[in-house]
Asker: 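Before we start, here is the structure in question, set down as structure tokens.
What you are looking at is a predicted structure, and each value in this text was computed from that prediction instead of being measured. Below, chains carry the letters A, B, ... as their sequence lines are ordered, and counting in each starts from 1.
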2 protein chains.
Amino acid sequence: MSVRRTNSQKQILSLLKQLQGEINAQDLYVKLRERGETLGLATVYRGLKALKLEGTIQERVSPTGESFYSLISKDHQHHLNCVGCGRSLSLDICPIEQQLIELCQAKNFQIFYHTLEFFGLCHACQNQQPN
Amino acid sequence: MSVRRTNSQKQILSLLKQLQGEINAQDLYVKLRERGETLGLATVYRGLKALKLEGTIQERVSPTGESFYSLISKDHQHHLNCVGCGRSLSLDICPIEQQLIELCQAKNFQIFYHTLEFFGLCHACQNQQPN
DNA sequence: TATTATAATGATAATCATTACAACATAAAG
DNA sequence: CTTTATGTTGTAATGATTATCATTATAATA
């Protein structure tokens with residue numbers, strides 16, 4: 001209910017809108033400081049958490065354990081992730097039908113977004129010895 | 001090509017088969033020690049990495065940044081994850097068609113597995129103040 | 001079998017994103 | 001203008017994972 005939007009949350013949202021992509025908390029912090037804002041790193045994390053709970057932004061945890069944040073948008077992307085080099089390739093398709101989402105809602109869940117990721121070896125990593 | 005399987009890798013695989021579920025590296029280490037094995041924690045991490053590169057096991061990074069490992073199996077599961085309490089509910093459906101996977105292979109990617117996760121608020125978390 | 005090269009291992013230190021904490025600031029309410 | 005709750009900051013603590021390096025096991029070769 002409390003749609004109180006603190007100043008730091010506004011700043012975070014503003015930057016995310018401008019970016020139109022995903023970014024991690026630390027880089028977000030640096031960019032905001034570059035803008036002249038004076039907020040602290042802890043506040044950035046707290047703001048991101050609040051926005052996530054509101055369903056305004058989404059979080060993707062990378063294989064390195066680092067979180068990336070972005071606005072939730074209709075034209076989201078999924079990825080092919082290489083377990084060898086860690087790089088990922090964007091896909092422009094999404095097989096998740098509205099029908100499936102409604103099925104989830106039926107379980108009393110309020111769905112904000114979904115993630116679909118494929119894992120395997122990219123061409124380069126297939127043709128070389130591990131390690 | 002080198003399908004050399006070290007002793008520690010065998011032990012890790014053996015435990016994962018017995019478990020039939022996912023486990024993090026630290027717990028895996030403890031369980032192996034309880035079995036009487038004498039391997040070190042670093043070796044567990046190394047073994048998991050090697051098995052992952054082989055396409056034998058899969059890794060799921062939790063929102064806390066912790067990794068969970070399990071055997072890759074046909075009857076995998078997807079989840080509804082609550083961004084509030086962090087709990088997740090298993091789904092028994094998977095909308096990913098073989099056709100889609102072949103499309104990925106066409107991009108020179110060798111797919112081992114995929115993950116599909118929904119995020120939102122569970123019933124309990126919808127009806128309470130944040131924080 | 002003895003020798004040598006290569007890979008695996010274990011203990012521990014280093015790394016790094018995130019969270020906890022305590023002091024201070026701000027705003028809302030009476 | 002106090003009181004009270006909430007937001008914010010910098011810093012220390014946390015905790016999983018990775019790097020390091022000396023040691024040991026394994027494989028390849030003579």
Side-chain angles (χ1 to χ4, degrees), chain A residues 1-15 22-54 57-70 83-86 128-131, chain B residues 1-15 22-54 57-70 83-86 128-131:
Chain A
M1 297 297 130
S2 78
V3 200
R4 167 107 25 77
R5 184 63 46 93
T6 68
N7 209 287
S8 55
Q9 287 171 24
K10 283 182 201 157
Q11 292 168 18
I12 292 171
L13 266 185
S14 159
L15 191 54
E22 64 179 18
I23 188 172
N24 64 24
Q26 313 260 353
D27 288 352
L28 186 58
Y29 168 71
V30 170
K31 280 196 188 299
L32 285 174
R33 300 293 289 210
E34 282 173 355
R35 271 192 177 185
E37 308 296 349
T38 60
L39 79 182
L41 181 57
T43 303
V44 170
Y45 277 104
R46 234 169 312 116
L48 287 169
K49 187 178 197 173
L51 292 170
K52 186 177 68 175
L53 280 174
E54 280 181 23
I57 65 173
Q58 76 173 70
E59 177 183 17
R60 180 181 74 90
V61 184
S62 84
T64 65
E66 188 175 16
S67 286
F68 288 83
Y69 302 88
S70 60
V83 299
C85 60
Q128 67 181 26
Q129 290 304 316
N131 305 346
Chain B
M1 299 303 132
S2 77
V3 200
R4 168 107 24 77
R5 183 67 40 95
T6 69
N7 209 285
S8 55
Q9 288 172 24
K10 284 182 201 156
Q11 293 168 18
I12 292 172
L13 266 184
S14 159
L15 191 54
E22 63 178 19
I23 189 172
N24 63 25
Q26 314 259 351
D27 288 353
L28 186 59
Y29 168 71
V30 170
K31 280 197 188 299
L32 285 174
R33 300 292 289 211
E34 282 172 356
R35 271 192 176 184
E37 308 295 348
T38 58
L39 78 182
L41 181 57
T43 303
V44 171
Y45 277 104
R46 269 186 293 239
L48 288 169
K49 186 177 197 176
L51 292 170
K52 186 178 68 174
L53 281 173
E54 279 181 22
I57 66 174
Q58 77 174 69
E59 176 184 18
R60 181 182 72 91
V61 184
S62 85
T64 66
E66 188 174 17
S67 285
F68 289 84
Y69 302 87
S70 60
V83 298
C85 61
Q128 67 181 26
Q129 289 305 317
N131 302 349

Asker: Heavy atoms, side chains only, cut-off 4.5 Å: are Thr43(B) and Thr6(B) in contact?
Answerer: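 Side-chain contact under 4.5 Å: no.
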Asker: Between P on dA8(C) and CD on Glu37(B), what's the gap in Å once rounded to a whole number?
Answerer: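 So the CD-P distance, Glu37(B) to dA8(C), works out to 18 Å.
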Asker: Is Thr64(B) close to Val61(A) at the side-chain level, that is, under 4.5 Å between some pair of heavy atoms?
Answerer: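 No, their side chains stay 4.5 Å or more apart.
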Asker: Is there side-chain contact between Leu41(B) and Arg33(B), with at least one heavy-atom pair below 4.5 Å?
Answerer: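 Contact flag for Leu41(B)/Arg33(B) side chains = no.
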Asker: Nearest whole angstrom, please: distance from the P of dT9(C) to the CD of Gln11(B).
Answerer: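 These atoms are roughly 9 Å apart.
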Asker: Measure the distance from CG on Leu39(B) to P on dT9(C) and round it to the nearest whole Å.
Answerer: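 Taking atom P of dT9(C) as the reference, CG of Leu39(B) is at 8 Å.
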Asker: Between atom OH in Tyr29(B) and atom P in dT12(C), what is the gap in whole Å?
Answerer: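 The answer, rounded to whole Å, is 10 Å.
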Asker: Expressed as a whole number of angstroms, how long is the span from Asn7(A):CG to dG7(D):P?
Answerer: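 Computing the Asn7(A):CG to dG7(D):P distance gives 13 Å.
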Asker: Give a yes/no on whether any side-chain N or O of Thr43(B) is located under 4.0 angstrom from OP1 or OP2 of dA8(C).
Answerer: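 Indeed not, no polar side-chain atom of Thr43(B) lies that close.
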Asker: Answer whether the closest heavy-atom distance between the side chains of Val83(B) and Glu59(A) falls below 4.5 Å.
Answerer: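 Not touching, per the 4.5 Å side-chain cut-off.
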Asker: When the distance from CD1 of Ile23(B) to C1' of dA16(D) is rounded to whole Å, what number comes out?
Answerer: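 These atoms are roughly 15 Å apart.
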Asker: Of the listed nucleotides (dT9(C), dT8(D), dG10(C)), which one gets closest to any side-chain atom of Thr6(B)?
Answerer: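 From the listed options, dT9(C) comes nearest.
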Asker: How many whole angstroms separate atom NZ of Lys10(B) from atom P of dA25(D)?
Answerer: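 Going from NZ in Lys10(B) over to P in dA25(D) covers 16 Å.
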Asker: Can you find a pair of side-chain heavy atoms, one from Ser8(A) and one from Arg46(A), that are under 4.5 Å apart?
Answerer: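 Contact flag for Ser8(A)/Arg46(A) side chains = no.
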Asker: What does nucleotides 13-23 of chain C look like as a protein-contact string, B for base, S for sugar-phosphate only, - for none, at under 4.0 angstrom between heavy atoms?
Answerer: ----SBBB---
Asker: So, do Tyr29(B) and Glu37(B) sit near enough that their side-chain heavy atoms are less than 4.5 Å apart?
Answerer: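 The answer is no, as the side chains (C-beta and beyond) never meet within the 4.5 Å cut-off.
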